[in-house]
**Q** 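Quick one: the structure is below, questions incoming.
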Amino acid sequence: MPELPEVEALREFLDGHLVGKEIVRVLPLTVNVLKTYDPPLSALEGATVTGTARHGKWLDIVTTATDGTELRLAVHLARAGWLRWKDSFPSEPPGPGRGPLALRTVLAGGDGFDLTEAGTTKRLAVHLVRDPGDVPGIARLGPDPLAASFDRAAFAGLLTGERRQLKGALRDQRLIAGIGNAYSDEILHAARMSPFKPVGHLSEEEITTLYEALRATLSEAVERSRGVAAGRLKAEKKSGLRVHGRTGEPCPVCGDTIREVSFSDSSLQYCPTCQTGGRPLADRRMSRLLK
């Protein structure tokens, strides 16, 4: 799933490729991709792109319609979605429901982008709204962890009274926006903390360590992705991960074997030596390793 660093890189890419250009048409190609009906997608015809924004894992394309109204095309790529830039398109529009193509946006110059989604489970979401706050998934987001206002005190305040384990808390978009399965693993590895450690057991020093690991991990990932073409961002993300998706490989810090805990719809990876005192986490339900 694209997370904060990749979505920020896509935003920067689109900022350089879309701003100032006119939209000719936006064509939905799957039944459920468009989640709104007012205003209609036809309102974007002739609109000029004036900017881009990011809200957690959401992309936000800012436009000015022909009547002067500001319209926002908000996109959530979900687990298997992606944005593919096209310098040109075939003369004939694609038929709906064919392959992974979910939505096509064509610009006046003939270029534009496709939104695609692999697999049979379709969760990619597109909203056309007048205000990004009208999108429920954006309205309930927590603070952005790379915002200037997100300091150590703000982070500690979010953790006050939190009863969950670290892994679950970091992934909760209502608590902190933009961190998913991959970067929560990376942050916890950098902080040398078990994913199952309860948030309420963190000392003040550990809160500082976790905050610094969070900021550094995300900032470094954004820098690695900056300037990378949209088509190469997935490969760039994978190459920069130290533990996530690397089960069975040696830890780049200590050399221990990276282990995995599997769930019904996801898995986490960690280093026993770096994070759990050398002891493997056999199973989420059975493990009592909290340090």
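As the structure is a prediction and not an experimental result, all values here were calculated from the model.
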**Q** Does any N or O in the side chain of Y270 come within less than 3.5 Å of the main-chain N or O of L281, such that one atom is a donor and the other an acceptor?
**A**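 Checked: pair present.
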**Q** How far does OG1 of T105 sit from NZ of K21, to the nearest 0.5 angstrom?
**A**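 If we round to the nearest 0.5 Å, T105:OG1 and K21:NZ are 13.0 Å apart.
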**Q** Give the ring-plane orientation class for F13 versus W85, where under 30° counts as parallel, over 60° as perpendicular and anything between as tilted.
**A**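 Judged by the thresholds at 30° and 60°, the geometry between F13 and W85 is perpendicular.
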**Q** Working to the nearest 0.5 Å, report the span between NE2 of H244 and CG of D185.
**A**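 Going from the NE2 atom of H244 to the CG atom of D185 covers 6.0 Å.
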**Q** Search all heavy atoms of C274 against all heavy atoms of C251 and return the closest pair with its distance.
**A**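 For C274 and C251, the tightest heavy-atom pair comes out as SG-SG, 3.7 Å.
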**Q** Is there a donor-acceptor pair closer than 3.5 Å between any side-chain N or O of T69 and the backbone N or O of A65?
**A**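 Pair absent, no side-chain N/O of T69 close to backbone of A65.
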**Q** Salt bridge check, E6 against K237: does any charged N sit closer than 4.0 Å to a carboxylate O?
**A**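 Yes, K237 and E6 are salt-bridged.
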**Q** Share the residues that join V24 in a hydrophobic cluster, the rule being Ile, Leu, Val, Met, Phe, Trp or Tyr side chains under 4.5 Å apart at the heavy-atom level.
**A**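 Under the 4.5 Å side-chain rule, V24 groups with nothing.
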**Q** Are H17 and D111 close enough, and set up right, to give a side-chain contact (heavy atoms from CB on, under 4.5 Å), and what steps lead you there?
**A** CA-CA 9 Å; H17 286 72; D111 51 356; over 6 Å; no
**Q** List, by chain and number, the other hydrophobic cluster members for V129, where Ile, Leu, Val, Met, Phe, Trp and Tyr join if side-chain heavy atoms come within less than 4.5 Å, directly or indirectly.
**A**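 Direct or chained contacts put V129 with W58, V135, I138, L141.
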**Q** What's the shortest heavy-atom distance between A190 and T217, and which atoms?
**A**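 The pair with the smallest heavy-atom distance is CB-OG1, 3.9 Å.
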**Q** Please assess E260 against S262 for the test side-chain hydrogen bond (donor to acceptor under 3.5 Å, both in side chains), listing each intermediate value before the final yes or no.
**A** CA-CA 6 Å; E260 176 176 308; S262 296; 2.9 Å; yes
**Q** Report yes or no: does K167 contribute a side-chain atom to a donor-acceptor pair with the main-chain N or O of N181 at less than 3.5 Å?
**A**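 It does hold such a pair.
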**Q** If we ignore angles and hydrogens, is there a donor and acceptor under 3.5 Å between the side chains of E223 and S225?
**A**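 Judged by distance alone, the side chains do not pair up.
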**Q** Mind running side-chain hydrogen bond (donor to acceptor under 3.5 Å, both in side chains) on T247 and R259 for me, showing each step along the way?
**A** CA-CA 5 Å; T247 303; R259 305 291 186 96; over 6 Å; no
**Q** Taking the side chain from E249 and the backbone from R246, do they hold a donor-acceptor pair closer than 3.5 Å?
**A**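 Such a contact is absent between E249 side chain and R246 backbone.
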**Q** Is it true that K57 and E3 have a side-chain N and a carboxylate O under 4.0 angstrom from each other?
**A**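 Salt bridge absent between K57 and E3.
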**Q** Find out if a path of hydrophobic residues (ILVMFWY) with successive side-chain heavy-atom gaps under 4.5 Å connects I23 to V106.
**A**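 Different clusters: I23 never reaches V106 through Ile, Leu, Val, Met, Phe, Trp or Tyr contacts under 4.5 Å.
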**Q** Without swapping roles, check the side chain of E22 against the backbone of A108 for a donor-acceptor pair under 3.5 Å.
**A**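 Here the side-chain-to-backbone pair does not exist.
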**Q** Looking at R171, is its backbone amide N or carbonyl O close enough to the side chain of Q173 to form a donor-acceptor pair, meaning the two atoms are under 3.5 Å apart?
**A**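 Present.
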**Q** Give the C-alpha distance, both sets of side-chain angles, the deciding distance and a yes or no for side-chain contact (heavy atoms from CB on, under 4.5 Å) between R215 and F150.
**A** CA-CA 9 Å; R215 293 277 289 196; F150 192 84; 3.9 Å; yes
**Q** Answer yes or no: is there a side-chain heavy-atom contact under 4.5 Å between L166 and P195?
**A**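 A side-chain contact under 4.5 Å is absent here.
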**Q** Do you know which two heavy atoms are closest between A78 and E117, and how far apart they sit?
**A**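 What the structure gives for the nearest pair is CB-OE2, 4.2 Å.
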**Q** Hey, any chance L218 and L159 share a hydrophobic cluster, counting ILVMFWY side chains that come within less than 4.5 Å of each other, even indirectly?
**A**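 Yes, L218 and L159 fall within the same hydrophobic cluster.
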**Q** Can you check whether Y183's main-chain N or O pairs, donor with acceptor, with E186's side chain at less than 3.5 Å?
**A**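 A pair under 3.5 Å: no.
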**Q** Is E8 reaching over with its side chain to a backbone N or O of L4, donor-acceptor style, under 3.5 angstrom?
**A**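 Side chain of E8 to backbone of L4, a donor-acceptor pair under 3.5 Å: no, none is there.
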**Q** Please round to the nearest 0.5 Å and tell me the distance separating atom CG of L29 and atom CZ of R104.
**A**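 Taking CG in L29 and CZ in R104, the distance rounds to 7.0 Å.
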**Q** Might you work through the side-chain hydrogen bond (donor to acceptor under 3.5 Å, both in side chains) test for S267 and Q269, ending with a clear yes or no?
**A** CA-CA 7 Å; S267 63; Q269 286 79 41; 3.1 Å; yes
**Q** Using the side-chain contact (heavy atoms from CB on, under 4.5 Å) rule, take T48 and T63 through it: C-alpha gap first, then chi angles, then the decisive distance, then the call.
**A** CA-CA 5 Å; T48 300; T63 73; over 6 Å; no
**Q** Write down the atom of V199, the atom of A169, and the distance for their closest heavy-atom approach.
**A**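 That would be CG2-CB, 3.9 Å.
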**Q** Do L34 and L103 land in one hydrophobic cluster if side-chain heavy atoms of ILVMFWY residues count as linked below 4.5 Å?
**A**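 Linked within one cluster.
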**Q** Picking from R54, R11, R72, what satisfies side-chain hydrogen bond (donor to acceptor under 3.5 Å, both in side chains) with D60?
**A**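 Among the candidates, only R72 passes.
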**Q** Are L202 and L188 connected in a single hydrophobic cluster, I mean Ile/Leu/Val/Met/Phe/Trp/Tyr linked by side-chain heavy atoms less than 4.5 Å apart?
**A**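 Yes, L188 connects to L202 through the hydrophobic network.
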**Q** To the nearest 0.5 Å, what is the distance between OG1 (T273) and CZ (R192)?
**A**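 Answer rounded to 0.5 Å: 8.5 Å.
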**Q** Treat each ILVMFWY residue as a node, draw an edge where side-chain heavy atoms are under 4.5 Å apart, and state whether V26 and L128 are in one component.
**A**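 Same hydrophobic cluster.
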**Q** Just so I know, are the side chains of T36 and L41 near enough to count as touching, which here means a heavy-atom distance under 4.5 Å?
**A**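 Contact flag for T36/L41 side chains = no.
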**Q** Go through the structure and list residues passing salt bridge (Lys or Arg N to Asp or Glu O under 4.0 Å) with R224, not counting sequence neighbours.
**A**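 Residues passing salt bridge (Lys or Arg N to Asp or Glu O under 4.0 Å) with R224: E236.
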**Q** Take atom CZ in R152; do more than 12 heavy atoms of anything else shown fall under 6.0 Å from it?
**A**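 Counting neighbours around CZ of R152, more than 12 heavy atoms of other residues, nucleotides or ligands fall under 6.0 Å, so yes.
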**Q** Can any side-chain N or O of K197 pair as donor or acceptor with the backbone N or O of Q165 at less than 3.5 Å?
**A**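 Side chain of K197 to backbone of Q165: no pair is present.
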**Q** With side chains defined as the heavy atoms from C-beta onward, is the minimum distance between R130 and P39 less than 4.5 Å?
**A**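 Side chain of R130 against side chain of P39, heavy atoms only: contact under 4.5 Å found.
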**Q** Has the side chain of D114 got a donor or acceptor atom that lies under 3.5 Å from a matching backbone atom of R84?
**A**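 No; judged by distance alone, with no hydrogens or angles, the pair does not exist.
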**Q** Within the structure provided, determine whether Q275 and H189 are in side-chain contact (heavy-atom separation under 4.5 Å).
**A**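 Yes; the side chains approach each other to less than 4.5 Å.
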**Q** Answer whether the closest heavy-atom distance between the side chains of L115 and L124 falls below 4.5 Å.
**A**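 The answer is yes; the side chains approach within 4.5 Å.
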**Q** Is the shortest side-chain heavy-atom distance between F113 and L107 below 4.5 Å?
**A**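 The answer is no; the side chains never approach within 4.5 Å.
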**Q** At what distance, to the nearest 0.5 angstrom, does CD1 of I176 lie from CG of D144?
**A**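 Output value for this atom pair is 10.0 Å.
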**Q** Checking side-chain polar atoms at under 3.5 Å, does D15 have a donor or acceptor matched by the opposite partner on T52?
**A**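 Yes, a side-chain donor-acceptor pair sits under 3.5 Å.
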**Q** Can you confirm whether R25 is buried at CZ, in the sense that more than 12 heavy atoms of other residues, nucleotides or ligands lie under 6.0 Å from that atom?
**A**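 No, CZ of R25 has 12 or fewer neighbouring heavy atoms, counting only those of other groups under 6.0 Å.
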**Q** I would like to know whether V261 and F196 meet side-chain contact (heavy atoms from CB on, under 4.5 Å); could you show each step before the answer?
**A** CA-CA 11 Å; V261 178; F196 295 161; 4.1 Å; yes
**Q** Quick one: closest heavy-atom pair of G46 and T66, and the distance?
**A**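 Heavy atoms only, the tightest pair is O-CG2, 3.6 Å.
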**Q** Are P90 and E92 packed together at the side-chain level, in the sense that at least one heavy-atom pair is separated by less than 4.5 angstrom?
**A**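 Contact flag for P90/E92 side chains = no.
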**Q** So do D172 and R164 actually touch side chain to side chain, heavy atoms under 4.5 Å?
**A**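 They are in side-chain contact.
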**Q** With rounding to the nearest 0.5 Å, note down the distance linking OG1 in T50 to CG in L18.
**A**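 It is 10.5 Å, given to the nearest 0.5 Å.
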**Q** Please report the closest heavy-atom contact between L146 and S219, naming both atoms and the distance.
**A**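 Reported closest heavy-atom pair: CD2-OG, 3.5 Å.
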